[in-house]
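What follows is one structure encoded as structure tokens, with my remarks underneath.
Naming convention: chains lettered A, B, ... in sequence-line order (proteins, then strands); numbering from 1 in each chain. Note that the structure is predicted; figures quoted are calculated from it, not measured.
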Amino acid sequence: MFALVDCNSCYASCEQIFRPDLRNKPVVVLSNNDGCVVARTKEAKALGIPNIEPYFKVRHLLEKHKVAVFSSNYELYGDVSARVMTLLRELAPQVEIYSIDEAFLDLHGFQYHQMEHNWRDFATHIRSTIWQQVRMPVCVGIAPTKTLAKLANHIAKKSKKLNGVCVMDKLEDWEKVFRQLPVNKIWGVGRNLAARLSELDIHTVQDLRTQDSQLIQKQFSVSLSRTVRELQGINCLGFNEVPSNKQQIVVTRSFGERITTLEQLKETVSYYGRRASEKLRRQNSYAQAVSIFFETSVHDKGTRVFRQGCRELAYPSNDTRPIVELAVQIIESLYVHNQRYYRSGIGLLDLVDTNPHQHNLWDEEQSDKTTGLMQMVDKINRRFGRDSVLFGRNAGESPWAIKRELKSPDYTTRWSSVPKIKMR
DNA sequence: TCTGGGGTCCTAGGACCC
DNA sequence: TCTGGGGTCCTAGGACCC
């Protein structure tokens, strides 16, 4: 079994920890520069305040209902999150932190109070512990796969009867609910997929659950076929306790006021470059390329300007100076005068984990076993004749079969290439 | 007047290689 | 010995997540 523990209206709940007088009242947290609503308590939701809504559009509503409004304080949210995650590690054998407000628990082989099917009690224990120790309200979903645990968590949030806990041990018992849940509530099914599925008359969770996963793989993708199998109770997603290093690091902001000069723009990107290289050093990586962009707002008059460029660093680095220097060069080459810029950003790409000054051929081969192996096979074949290397479980099986095998729906593909430029 | 800031994985297709 | 099926590597772009 897996559990998904999710903080309720995370940022808003964090603010309430320090303002107990705001318990059970509508609270809203705004994004950087107070641009958008990014979190709201259920009382605020009930007033009809949508998420990611421009502040100015809902301001009158917030004032009318005397909603408490906070500017965001990400340091605080990070602190509270860390305390929740520490508690979870004490409560469960294996924890995968999925986002600032969510974590999966792997409960395979785990027994609560020496009892095997005591999941409801366990989940309730998690809830009350986190509430008592941190004053953070959470919901818990428990199910045989991660995708189902997500769904269970969703149900736990929606249904008042369940008291924030939903356990899906016998899937047959839930078919009635699955028939009522629209397909886009499933983790991995967004707006676009939902629309395409609807054409095939697949509208509910139950509709998707009962599809043939191979057919879905042909018509859609491996990802969706995995989702189908997960919904059937077949575990297809890995569990990563140790968070892997980021493959790209991006820092973007919209400005408080429009920027109109090259100097100002360079300043913003220098600042983002510093933040980005800090993140890079924290995970001990080196960037090989820098990408920057800046743009005017879609909401402003005139034709919209969007400029973006990517260049390779002379050598892989996580030092602020070469990164910012290159970023500034790119800006200078792309800058368009007489515009009112609305936001900019920097991306550090093609990250490598090895110290570029300590090249080690053996390590490189290890780091990409597939390539290394295939090169070796080719070398031997060239010397001793084609197909002189037999490989795989069955003699005569082609070496490439290994790769195909790893691409089966039960495993995630491990060698997607890092896109060079990945910024809007 | 005022509209978030990050990430991930997958696919398709072209050039090239063995 | 030679072909060619099927790899690699790369990029753009789409879709998804919180």
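For A/Arg196 and C/dA15, the shortest distance from a side-chain N or O to OP1 or OP2 is not below 4.0 Å. Between A/Thr252 and B/dG6 there is a side-chain N or O to OP1 or OP2 distance below 4.0 Å. In this structure, A/Ser254 reaches the B/dG5 phosphate: one of its side-chain N or O atoms is under 4.0 Å from OP1 or OP2. For the pair A/Ser223 and B/dC9, the criterion of a side-chain N or O lying under 4.0 Å from OP1 or OP2 is not met. For the pair A/Asn192 and C/dC16, the criterion of a side-chain N or O lying under 4.0 Å from OP1 or OP2 is met. The side chain of A/Lys279 places an N or O atom within less than 4.0 Å of a non-bridging phosphate oxygen (OP1 or OP2) of B/dG7.
Using a cutoff of 4.0 Å between basic side-chain nitrogens and carboxylate oxygens, A/Arg307 and A/Glu295 are not scored as salt-bridged.
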DNA chain C in dot-bracket, Watson-Crick or G-U pairs under 3.5 Å, [ ] crossing, | other strand?
....||||||||||||||

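A heavy-atom distance below 4.0 Å to DNA chain B is reached by these residues of residues 40-76 of chain A, ordered by number: A/Ile52, A/Pro54, A/Phe56.
Across B/dG4, B/dG5, C/dC18, the shortest atom-to-atom separation from the side chain of A/Arg253 is found for B/dG5. In this structure, the nucleotide among B/dT11, B/dT3, B/dG5 sitting nearest to the side chain of A/Arg258 is B/dT3.
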Is there a side chain to side chain donor-acceptor pair (under 3.5 Å) between A/Glu263 and A/Thr261 once you walk through the steps?
CA-CA 5 Å; A/Glu263 278 314 304; A/Thr261 70; over 6 Å; no

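Across the protein-nucleic acid pair, A/Gln247 atom CD and C/dC17 atom C1' stand 15 Å apart, rounded to whole Å. Following rounding to the nearest Å, A/Leu197 (CG) and C/dC16 (C1') show an atom-to-atom distance of 13 Å. What separates CZ of A/Arg226 from P of B/dT8 is a distance of 16 Å, to the nearest Å. One interatomic measurement links the two molecules: CD1 of A/Ile216 to P of B/dC10, which rounds to 17 Å at whole-angstrom precision. Straight-line distance from the CD atom of A/Gln288 to the P atom of C/dC10: 10 Å, rounded to whole Å. Taking atom OH of residue A/Tyr342 and atom P of nucleotide B/dT3, one finds them 6 Å apart after rounding to whole Å.
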